[in-house]
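Notes for the one structure printed next.
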Amino acid sequence: MKVAIVLAVLVTTVLSTDQLFGHQEGPSHERSLVKFGPLCSGNPTNQKRGCDKNWGCGDYGAKRTHGPHKGLDIQCNDGATVYAPFDVKLNGKAAPYRSPTALQKLINDGVNLSGGGLCFKLFYVKPDKYRGSLRKGDRIGTLHPMQRVYPGMTSHTHVQMCDRSDPTKYF
Ligand SMILES: *[C@@H]1O[C@H](CO)[C@@H](O)[C@H](O)[C@H]1NC(C)=O
């Protein structure tokens, strides 16, 4: 009888401890989701590009002629300073176009970065360097002259995860 009571108490204690930890894990896990720091001068809140009259929309999955948009566009003026959104490692050049037109060559540039536990590319950026490391908020470079290539488009940097998944939750 005594053994049964001791066992019952033990089981109850273990169960409630599990529930306690289980309860704490959920929210703290969500809170730990990394967020991009500001990417561009003039856009401290990482405002996303909406839709342009002639050039489509900036959200992930937006319609494009060659399948859905595989990145998220963050507003960034031509010539704006582009900043490291985390402490990052620069992993080399990342160019958006495989066969750029003469005009597209003006902006066919970008950089592959890793930081915050993520691997991602920033397109249309002219980085000061393609290799090395930077601290969060350091200057990566500047935005190429997008208006010369796509007049009237909301100038932006295109954020694309290396695995082409949706980056929106990190903003
Ligand atoms: C970006 O750089 C990382 C690290 O060098 C590499 O593993 C990855 O394949 C590159 N991603 C793309 C899409 O180029």
Side-chain angles (χ1 to χ4, degrees), residues 32-171:
S32 72
L33 189 67
V34 292
K35 295 284 176 186
F36 275 65
L39 281 169
C40 282
S41 60
N43 183 7
T45 59
N46 279 333
Q47 196 160 354
K48 300 174 184 86
R49 174 188 164 216
C51 298
D52 296 311
K53 210 171 172 190
N54 300 315
W55 302 112
C57 304
D59 53 310
Y60 181 85
K63 217 177 140 196
R64 291 291 185 275
T65 41
H66 302 288
H69 189 219
K70 285 297 183 191
L72 172 67
D73 296 341
I74 300 298
Q75 290 185 27
C76 193
N77 293 328
D78 293 10
T81 305
V82 179
Y83 302 114
F86 309 106
D87 289 356
V88 290
K89 207 167 133 287
L90 289 75
N91 302 318
K93 185 167 177 168
Y97 308 113
R98 233 170 259 222
S99 320
T101 63
L103 261 180
Q104 285 171 338
K105 279 183 186 161
L106 295 175
I107 61 171
N108 196 24
D109 199 0
V111 61
N112 172 341
L113 302 162
S114 44
L118 307 174
C119 176
F120 58 98
K121 301 187 275 188
L122 296 177
F123 287 163
Y124 313 124
V125 174
K126 177 185 167 65
D128 298 337
K129 58 182 184 183
Y130 293 99
R131 296 271 167 194
S133 54
L134 296 171
R135 303 303 299 268
K136 180 176 180 172
D138 283 351
R139 172 190 156 112
I140 293 176
T142 56
L143 198 83
H144 278 294
M146 185 167 277
Q147 292 306 308
R148 286 174 61 185
V149 185
Y150 302 114
M153 182 184 279
T154 303
S155 286
H156 61 273
T157 182
H158 167 111
V159 180
Q160 184 167 302
M161 306 312 288
C162 291
D163 64 4
R164 300 185 145 243
S165 62
D166 185 352
T168 308
K169 59 178 174 291
Y170 305 118
F171 283 86

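This chain uses plain numbering: 1 for the first residue, then up along the sequence. Side chains are part of it too, since the values below use all heavy atoms of this structure and drop only hydrogens, waters and symmetry mates.
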Heavy-atom side-chain contact between Leu143 and Asn77 under 4.5 Å: no
Inter-residue atom distance Gln147.CD - Thr154.OG1, 0.5 Å rounding: 8.0 Å
Side-chain heavy-atom pair Tyr170, Leu72 within 4.5 angstrom cut-off: no
Verdict with supporting geometry, Tyr60 and Gln160, side chain to side chain donor-acceptor pair (under 3.5 Å): CA-CA 9 Å; Tyr60 181 85; Gln160 184 167 302; over 6 Å; no
Minimal non-hydrogen separation, Ile140 against Pro85, with atom names: CD1-CD, 4.4 Å
Main-chain N/O of Gly71 paired with His69 side-chain donor or acceptor, under 3.5 Å: yes
Minimum heavy-atom distance between Ala80 and Ser41, given as atom pair plus value: CB-OG, 3.5 Å
Shortest non-hydrogen contact between Gly110 and Pro127, atoms and distance: O-CG, 4.4 Å
Validation row: Pro38, Asn43 side chains within 4.5 angstrom (heavy atoms): no
CA sep, side-chain torsions, deciding dist, call: Val82, Cys76, side chain to side chain contact (heavy atoms under 4.5 Å, CB included): CA-CA 8 Å; Val82 179; Cys76 193; 4.1 Å; yes
Cys119 and Asp163: CA distance, side-chain angles, deciding distance, side chain to side chain contact (heavy atoms under 4.5 Å, CB included) verdict: CA-CA 8 Å; Cys119 176; Asp163 64 4; over 6 Å; no
Lys169 atom NZ, over 12 foreign heavy atoms within 6.0 Å: yes
Any Pro96 side-chain heavy atom under 4.5 Å of Asn108 side chain: yes
Asp59/Lys48 ion pair, N-O < 4.0 Å: no
Check: Asn112 side chain, Ala94 main-chain N or O, donor-acceptor pair, under 3.5 Å: no
Point-to-point distance, once rounded to the nearest 0.5 Å, from CG of Leu134 to CG of Leu113: 8.0 Å
Asp109 and Tyr130 side chains, donor-acceptor separation under 3.5 Å: yes
Side chains of His144 and Leu106 in contact at under 4.5 Å (non-hydrogen atoms): no
Sub-4.5 Å side-chain heavy-atom contact between Asp52 and Tyr150: no
Gap between atom CE of Met146 and atom CD of Gln104 - 0.5 Å precision: 10.5 Å
Donor-acceptor contact present, side-chain Thr142 to main-chain Thr81, <3.5 Å: no
Close side-chain approach of Val159 to Asp73, heavy-atom, < 4.5 Å: no
Phe120 ring center near Phe36 ring center (under 6.0 Å): yes
Heavy-atom side-chain contact between His156 and Ile74 under 4.5 Å: no
Minimum-distance pair of heavy atoms, taken over all atoms of Cys162 and Lys121: SG-CG, 4.4 Å
Inter-residue atom distance Thr157.OG1 - Arg49.CZ, 0.5 Å rounding: 12.0 Å
Interatomic spacing from CG in Leu39 to OH in Tyr83 - rounded to 0.5 Å: 11.0 Å
Arg64, CZ atom: more than 12 neighbouring heavy atoms under 6.0 Å: yes
Check against side chain to side chain contact (heavy atoms under 4.5 Å, CB included), Asp87 and Arg135: CA-CA 4 Å; Asp87 289 356; Arg135 303 303 299 268; 3.3 Å; yes
Distance in Å, Leu90 CG paired with Lys129 NZ, rounded so as to fall on 0.5 Å steps: 6.5 Å
Heavy-atom closest pair, residues Phe86 and Lys35: CE2-O, 3.2 Å
